[in-house]
Amino acid sequence: MASSTSTSTSGGSPFEYAPAPESRAIVDLKPSYGLFVDGDFVDGRGRSFKTISPATEEVLAEVAEADEADVDAAVRAARRAHTRVWGRMPGKERAKYLFRIARIIQERARELAVLESLDNGKPIRESRDVDVPTAAAHFFYYAGWADKLEYAGYGTTPVGVAGQVIPWNFPLLMLAWKVAPALACGNTVVLKPAETTPLTALLFAEICQQADLPPGVVNIVTGAGATGAAVVSHDDVDKVAFTGSTGVGRSIAQAVAGTRKKVTLELGGKAANVVFDDAPLDQAVEGIVDGIFFNQGHVCCAGSRLLVQESVYDELLDRLKRRMSTLRVGDPLDKNTDVGAINSGEQLQRIRELSEVGDAEGAERWEVACDLPTTGFWFPPTIFTGVSQAHRIAREEIFGPVLSVLTFRTPHEAVEKANNTPYGLSAGIWTEKGSRILWMADQLRAGVVWANTFNKFDATSPFGGYKESGYGREGGRHGLEGYLR
Amino acid sequence: MTRTTTRTAKADERIDVRKTYKLYIGGAFPRSESGYSYEVADSRGRFLANAARASRKDARDAVVAARKAFGGWAGRTAYNRGQILYRVAEVMEDRRPQFVDAVRKAEGLTAARAETTLDRSIDRLVWYAGWADKIAQVVGGANPVAGPYFNISSPEPTGVVAVLAPEQSSLLGLVSVLAPVVATGNTAVLVTSESRPLPAVTLAEVLATSDVPGGVVNILTGGYAGPGPWLASHMDVNAIDLTGAAGDPEGATAMERAAAENLKRVRRAPDAEPDWTDDPGLDRMTAFLETKTVWHPKGI
């Protein structure tokens, strides 16, 4: 898998780069979109909402907001498809539909990447090199499981209808994480994309039509929190899969109490990225930058707490600031862009507020000097030094390009600080000493540990958290468990 | 609680030394902090003993003890944990008459059936002891990622697990819910059957005299109505097994809802108590395991 942030320039003064915009002509945007239910696009019964480009605030399309009756129709369609077609189809035939979908995602990769960057604000380099190819890989991977479930160890009976609610930070990739294993195991799905990023899910609906997927196997209902709540709490939904905030995850866990619904939750994080004094510093700096500025820091497993051993603190901070000064912030469709737009005005407000709390609590703010566009939502790559464990910017998920820097002296102190959080999604370790890597990896209470690397994802590799970062795993053989009885 | 039947002793009869069964917390046998105890009767309603009725404070103390023991227990080698649990089975064999008597009285079984229940309970414990150093190989493994990385997934214990033991099966059910939790490296706060708690206290005495470190297993008698909701909402408990709330959907739902506060892993209550002689499968271990995936680049 490609590195998500590569060095675009070296040295102190960045070269002038000519813009290298990816053409958006490949995307054929309709003025409005309905819901995808039972194989067709249908009008919603409720209102509609606009989805905008966060880089320009330009309206991209009008999208239907599914109400309870719409969700009910989608669940009924999914149930019918499960009972009549998909639940009884032999695994090797289901597999072929998934392989088809994977291939179409590859064929339409450029279109999907441009649309993702338009709707989400992420750099085209990321959507092109990470989001879309990894989404295709998930369909390929799970396609192969469909006729091999008896070897996976979780039974072979599908759960039934899966209600899936996904976030705005990796819209297509999160769809793939949810839909591919569900379908491979013989479930049908009702999926709700995030309200700020519905467009690639709707393009995926077209891909399902193109693959001749039987109607009702995949249903997509657009909308906001109320639509998601209707999906999760629908009586005929057998399985709930959610990726998003810990707050919403908690309310889902409450809502399903007393039911027989299976639940997997992939929630927030506040990952520690721990740098020891023997770490290869240039590689560590790349990993730190990748860890927090990849996808504008809109990553649940972002390395948002940097823990640096005191003896290398000054040197590391110098190098980090120098590297950050070369980051290009701007037009998501420019192929040179490293950091794109913040996904929404609401998210920008939250990042600003928590950063102001950082100032008020006495941490020292340093940000990259860069000219930010005048329209759209932007926040410069920022670090806070002098952060203590009690500071809110060291405890709460900011979900933006803001890094809190803390220090430690001994490995035990590093472990204690790293684990001092209600979250437990991911962690990073930077050291040249093998035994220390393995010791640290044992001690860190987190579901994914990256040693001398960061933010790597793969269809075969289980992903998910400890503690309040949620439960269940997505990816790999483990990712089948939530979709089988 | 129904009043147990009593009888008056004859003038020349030796008076029994009656035992007050206490709680088991952090390797010690304290009385309930609340001072409450209750009368435990046999299956025909005759008085057996007084048992402690655990309070909210006892539940909190037990969680503190379990948390304190967690790092050490999870950090032991799996081989060592397996040996320690096997040792518990050995000590149970040593105390067969005591367990048979406890199970007979609690469950109203014939001597032969109580013997069989004890056999199964010991065998179940031996079975789980053997899993301690095998489960990682069965549920973990290397992941063939599409890049130059070493990538491995391994199970790790969830942490402090609250276990509501079944109401009816006082020994086989008890061992079947407790052993998988601790074999995998978790520490447990176990709430016993309310009406049949004595085999659990006997087991506590075995644990205290074998090599299980204090705090790894904590045993609260008196039923889950008191401590259950507190354990469900306790922010330092990582998971809860509601098996003991079988047949109490309202209570189980309230506890599951409370458990959402810190995203506890919840093993829901079955509609009715299962047949404990069935093959247990891996579920009771995997329910309280996390999967940790570690990446490292490969290169020269």
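Every value quoted in this text rests on a predicted model; they were computed, and no experiment measured them. Computation of the quantities below employed the complete heavy-atom set of this structure, encompassing side-chain atoms and omitting hydrogens, waters and symmetry-equivalent molecules.
Pairing each heavy atom of B/A260 with each of A/Q254, the nearest pair is CB-CG, 3.5 Å. For the residue pair B/K292 and A/D442, the shortest heavy atom distance occurs at NZ-O, 3.3 Å. Here the shortest heavy-atom pairing between A/V263 and B/R268 reads CG2-NH2, 4.5 Å. In terms of heavy atoms, A/R477 sits closest to B/V139 at NH2-O, 3.0 Å. Listed here is the closest heavy atom pair of A/R260 and B/A269: NH2-O, 3.5 Å. Of all heavy-atom pairs between A/N452 and B/H296, the closest is ND2-NE2, 3.1 Å.
Between chain A and the residues B/L242, B/T253, B/T158, B/V138, the most heavy-atom pairs under 4.5 angstrom are made by B/T253. The most heavy-atom pairs under 4.5 Å with chain B, out of A/A441, A/A137, A/G447, come from A/G447.
If you measure heavy-atom distances from A/A459 to chain B, you find no contacts under 4.5 Å at all. Proximity to chain B (any heavy atom under 4.5 Å) is shown, for A/T259, by both the backbone and the side chain. Proximity to chain B is absent for every atom of A/L438, based on heavy atoms less than 4.5 angstrom apart. There is no contact between A/I252 and chain B, counting heavy-atom distances below 4.5 Å. Within the 4.5 angstrom heavy-atom criterion, no atom of B/P249 approaches chain A. Neither the backbone nor the side chain of A/I429 comes within contact range of chain B; no heavy atom of the residue lies under 4.5 Å from a heavy atom of that chain.
Taking CZ of A/R473 as the reference point, atom OG1 of B/T291 lies at 5.0 Å (rounded to 0.5 Å). To the nearest 0.5 Å, the span separating OH on A/Y154 from OG1 on B/T286 amounts to 8.0 Å. Expressed to the nearest 0.5 Å, how far CZ of B/F150 lies from OG1 of A/T453 amounts to 14.0 Å.
By a heavy-atom distance cut of under 4.5 Å, A/S461, A/P462, A/G465, A/Y466, A/K467, A/E468, A/G470 are the residues of residues 461-470 of chain A near chain B, going up by number.
In this structure, A/R445 does not pair ionically with B/E290, as no charged nitrogen and carboxylate oxygen lie closer than 4.0 Å.
Of the residues listed (A/N455, A/V449, A/D458), the one engaging B/W295 in a side chain to side chain contact (heavy atoms under 4.5 Å, CB included) is A/D458, and it is the only one.
In this structure, A/K456 contributes its side chain and B/P297 its backbone to no donor-acceptor pair below 3.5 Å.
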